[in-house]
Amino acid sequence: MTDSKSTSPSDRQTVFVANRGEIALRIIRACRRLGLRVVCGFSEADRGAAYLACADDAICIGPAAAAKSYLNIPAVIRAAQLLEADLIHPGYGFLSENADFAEAVEKAGMTLVGPSAEIMRRMGDKVEAKAAMIAADVPCVPGPDSVLPNDPEAIAAIAEQIGYPVILKAAGGGGGRGMRIVREAAKLAEAFMLTRQEAQRFFGNPDIYMEKFLEKPRHVEIQILADAHGTALWLGDRDCSMQRRHQKLIEEAPAPGIDRGLIEEIGTRCARSCAEIGYVGAGTFEFLYEDGQFYFIEMNTRIQVEHPVTEMVTGLDIVALQIDVARGRPLPLSQEQVRTEGHAIECRINAEDPESFAPSPGRVSKMHAPGGPGVRVDTHIASGTEVSASYDSMIAKIIAFGVDRDEALSRARAALEEMQIEGVKTNIALHSQLLVDTGFAEGGVSIHHFEHWLEKREASNA
Ligand code: MV4
């Protein structure tokens, strides 16, 4: 390619967005900032959605059912080729951590905004991921860095060595499926058989591993970003402990009340392990944090829903940087230039019944988004938007920034009060209640806090 050609507008690279909703819009915005052409694939359910008009072009990839559109690898590849894409951004969910998809993108001569198929496959196997982290001196939950044998006596011996309670996990699992807690030796053999069957059924991989079960941990994660030239950065930490059934409700950065020296040591090790394994792209190291210690559990190889809290405290555009490193560009900053400042809190707004948590699809008849200093709203929703029953019920993210946690909290509270959504039920009022909970206001709640809070609320309403 000649210089004159590379500067002509027709030669701009094209990004195909293989996702929908708020993250599709977030990716479109990053592409605009970078001066890239950006095109979308949409399902029949999303035809005519307002965010699609923000892209340079868009094409239908199939019916509403995700399996036939956003999860349909041949349909996505064909659409990207038709719209002359150079890169494919998978967002989160759908095909974002599918190694077969990553391979198909490579085979079709395009570039995935994400790590290689090989790395994705390796991190998708939780036992391989754990072994890689142990090798890189990232602290892990006590337990073997290998799959369990089939011999009941050998398994019992491993459990005795770890000490009860233990947890059995499917190597092909993650995100909360295919796990079983075992509190006594008498229950181990049956639990092993059941977990084995589930692992085979859900993930097509019968491999099981065992860890010490941590009773009351927090969920703290480290954001990383790595280029193809050997630079790997960590961009701080997030606390995602406020969750219900593995669906996060509130995330914040930084994790409150944790020794900054310890976080720095963990973050540095995460970044170094990325450089060691040749990781390119954005990624997240998930840890459990209990009694002053970090324990690695899984790595996510995608951009995450909660990335905005990290963007707010670092001032970086993680999605733009993620696209740039996928294009082979070197990261434009060093670790010393990554500075975090202040505090950010994100509330996930879902279209759901606040009592039953059942999805509440329908037409948004009215939408007023909050704003003002330190308030960011990531959403594709406007008055008139149809919320489909075919997809996740998350429709908006309210992110509040402050010089400290108290200011972020008070801005988040005011933003939630201001927000109005009519036509679908939402969890806005639930968030308002959570943000005045004394436990949450103090900071540092465990992953079980929300369910306990709900139980207490039910009891006081009875
Ligand atoms: C654990 C654990 C306690 N001890 N591992 C759930 C999702 C998957 N990513 C790992 N998970 C857990 N692994 C050990 N050794 C508790 C959980 C867990 C959890 C973790 C993070 C966020 C929410 C959670 C909710 C329930 C259980």
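Note that this is a predicted model, so its numbers are computed, not measured. Counting starts at 1 for both ligands and their atoms, following the listed order. Heavy-atom basis, side chains included; hydrogens, waters and symmetry copies ignored.
At the shortest separation from atom 2 (C) of ligand 1 among protein heavy atoms lies Leu288 CD1, 3.6 Å. Here the protein heavy atom with the shortest distance to atom 7 (C) of ligand 1 is Gly176 N, 3.4 Å. The closest protein non-hydrogen atom to atom 16 (C) of ligand 1 is Ile447 CD1, 4.0 Å. The protein heavy atom nearest to atom 22 (C) of ligand 1 is His219 ND1, 3.4 Å. Shortest contact from atom 15 (N) of ligand 1 to any protein heavy atom: Lys212 O, 2.7 Å. Looking only at heavy atoms of the protein, atom 9 (N) of ligand 1 is closest to Glu298 OE2, 2.9 Å. For atom 26 (C) of ligand 1, the closest heavy atom belonging to the protein is His246 CE1, 3.4 Å. Closest protein heavy atom to atom 11 (N) of ligand 1: Met179 SD, 3.7 Å.
Both the sub-6.0 Å distance and the 45° axial angle are not jointly satisfied by Arg238 relative to the ring of Tyr289.
Rounding to the nearest 0.5 angstrom, the gap separating the CG atom in Asn205 from the CG atom in Asp125 is 6.0 Å.
Some N or O of Lys169 is nearer than 3.5 Å to an N or O of ligand 1, by distance alone. At least one N/O-N/O distance between Leu214 and ligand 1 falls below 3.5 Å. In terms of N/O distances under 3.5 Å, ligand 1 is approached by Glu211.
Residue Glu286 touches ligand 1 through its side chain alone, judged by heavy-atom distances below 4.0 Å.
Comment: Glu118 does not engage Arg122 in a salt bridge, judged by the lack of any side-chain N to carboxylate O separation of less than 4.0 angstrom. Electrostatic pairing of Lys107 and Asp100 does not count as a salt bridge here, judged by no charged N lying under 4.0 Å from a carboxylate O. Remark: Asp353 engages Lys425 in a salt bridge, criterion side-chain N to carboxylate O under 4.0 Å. Remark: Glu306 engages Arg348 in a salt bridge, criterion side-chain N to carboxylate O under 4.0 Å. Lys212 and Glu290 are not joined by a salt bridge, as no carboxylate oxygen comes within less than 4.0 angstrom of a charged side-chain nitrogen.
Side-chain atoms of Thr310 and Gln223 form no donor-acceptor pair, as typed in the model, at a separation below 3.5 Å.
Under a 4.0 Å criterion applied to the non-hydrogen atoms of Ile167, ligand 1 contributes the atoms 14 (C), 15 (N). Less than 4.0 angstrom separates some heavy atom of Val141 from each of these atoms of ligand 1: 15 (N).
For atom 25 (C) of ligand 1, the choice among His448, Gln247, Gln243 with the nearest heavy atom turns out to be Gln243.
Looking at Leu416 and Ile349, their side chains come closer than 4.5 Å, going by heavy atoms from C-beta outward.
A tilted orientation is assigned to the rings of His448 and His452, their planes being inclined by 30° to 60°.
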